[in-house]
Amino acid sequence: MDKQSVIHNFETHVSAGKAAFFKSYGMDFVMGKREGAWIHDMDGDKRLFNCHSNGGVFNLGHHNPEIVNTLRSALDDLDIGNHHFMSQERTALARQITDGMPGDLNVCIFSVGGGEAVDLALKLALGHTGRSKIVSASGGFHGHTGLALTVGDAQYRDPFGVPNPNMSQIPFNDATALANALDADVAAVILETVPSTLGMVMPEPGYLQEVRALCDKHGALLIMDEVQSGLGRTGKLWAFEHAEIIPDMVITGKGLSGGIYPIAATVIRDPLDKIFKQDPFIHISTYGGAELGCRVARKVLDISSDPKFLNRVEAAGLRVREGLDKLMQKYPKFLTGIRQSGLMIGLELRDEYGGPALTKAAYDQDLLMIYANNDTSISQFLPPLIISDDEIDWVLDRLNRALNAARKIRTALIARQKSSGLLKKFSGNG
Ligand SMILES: Cc1ncc(COP(=O)(O)O)c(C=O)c1O
């Protein structure tokens with residue numbers, strides 16, 4: 001199929017809304033070849049350096065040869081397995097994940113994607129505590145599936161008329177607000193360690209420890225969503241390690257798949273296993289923890305938990321920061337601040353038009369950068385963790401040009417917004 005036919009058929013059979021959106025921004029990119037940090041247009045005449053990594057899915061780059069070879073050889077002897085039986089592959093992966101977790105976070109329940117893993121965590125929290133309420137952060141994002149949808153932003157729920165009884169939201173980094181929201185009927189508090197869709201808001205020093213203490217005081221479980229922040233993104237395997245807390249449950253997904261075979265997991269503390277001990281078949285996910293995916297995830301963990309790899313993420317983060325500081329001096333009115341932990345980075349821009357303007361300007365400079373959907377004044381900056389020093393320098397040079405151009409695009413967007421009301425969202429997540 002030629003490119004125009006793909007676009008036409010995409011519009012008719014997949015998403016007319018997305019096709020119209022991309023047309024309005026002059027972005028007719030259809031994904032073709034992908035490799036390392038690069039994704040190519042199917043016609044081969046444009047390529048983009050991926051500075052979004054799909055929220056951490058492509059931490060190890062696209063089509064990472066080690067991951068691809070792992071899947072290839074796994075196909076010689078495995079399929080998805082059978083969720084009824086005991087499994088060598090699920091056991092080995094669960095062992096590897098829990099060995100890297102503190103305390104008695106010893107049990108893994110596998111899912112296909114992050115939303116499903118969050119749903120399971122919330123369901124379990126309600127069942128285990130016998131309580132009925134969940135508290136989450138305003139502007140946080142945990143997926144678009146059942147219960148995950150109910151603890152996220154209303155904008156993704158209200159158009160579908162999905163109710164969210166018993167769910168309440170508090171501002172991230174506000175321990176007083178959390179203290180006021182907690183009572184004897186709160187089953188759990190769920191937080192992204194670094195809320196990404198809210199714009200890479202870094203937890204203030206001491207905040208997560210306070211959250212842990214408040215949950216303990218009120219008997220609520222603490223669920224940390226590490227779908228984006230985990231697997232080395234912040235320079236530690238899990239971002240909650242920076243705060244030295246032990247959550248009751250941890251969610252991982254996205255990058256665990258290497259972008260090659262979908263898999264996600266909810267890691268729970270031993271005592272939370274009670275319901276599953278009573279009825280081990282009470283929760284089923286046919287493809288959750290597919291054995292092929294387990295092999296892939298083990299390879300991802302081998303690579304991502306290596307101290308040398310994590311040190312490199314830290315060093316790459318410092319090099320990026322040096323360049324960003326210079327850009328901040330050059331464009332003080334447009335690039336107004338930087339949020340950063342390792343290679344989990346948010347660029348604070350002038351206003352809510354800044355993110356969309358930079359996304360477009362970056363695209364024109366061959367960079368894929370996506371603004372935070374729940375705070376469009378922040379541009380997410382999540383290069384693959386395997387980025388080399390030369391690539392960092394190249395990206396910073398292109399970002400310099402993009403920031404320069406984004407200022408004009410912002411002015412045009414404001415004019416367009418006034419005439420047509422057009423400032424649509426780029427993505428529904430990360
Ligand atoms: C922090 C966080 N949690 C959960 C999810 C949901 O994951 P999935 O899209 O795999 O269902 C996402 C997706 O972007 C996410 O960013």
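The structure displayed is predicted, hence computed values, not measured ones. Numbering of ligands and ligand atoms starts at 1, following listing order.
- Residue contact check: Gly115 has heavy atoms under 4.0 Å from atoms 6 (C), 7 (O), 8 (P), 11 (O) of ligand 1.
- We find that Asp99 and Arg95 are joined by a salt bridge, their nearest charged nitrogen and carboxylate oxygen being less than 4.0 Å apart.
- Here's the thing with Asp225: one of its N/O atoms is less than 3.5 angstrom from an N/O atom of ligand 1.
- The shortest N or O to N or O distance between Glu192 and ligand 1 is not under 3.5 Å.
- Nearest approach of Phe29 to Lys46, heavy atoms of both residues: CE1-O, 3.9 Å.
- Using a 4.0 Å cut-off between heavy atoms, Lys254 contacts ligand 1 through its side chain alone, with no backbone atom that close.
- The shortest N or O to N or O distance between Val118 and ligand 1 is not below 3.5 Å.
- Scanning all heavy atoms of the two residues, the minimum distance from Gly288 to Val112 falls at N-CG2, 3.7 Å.
- Each ring pair (Phe, Tyr, Trp, His ring centres under 6.0 Å) pair with one or both residues in residues 119-139, not counting sequence neighbours, would appear here, but there are none.
- The distance criterion of under 3.5 Å between nitrogen or oxygen atoms is met by Gly114 with respect to ligand 1.
- Every pair passing ring pair (Phe, Tyr, Trp, His ring centres under 6.0 Å) that includes a residue from residues 203-222 is listed here, sequence neighbours excluded: Phe172-Tyr207.
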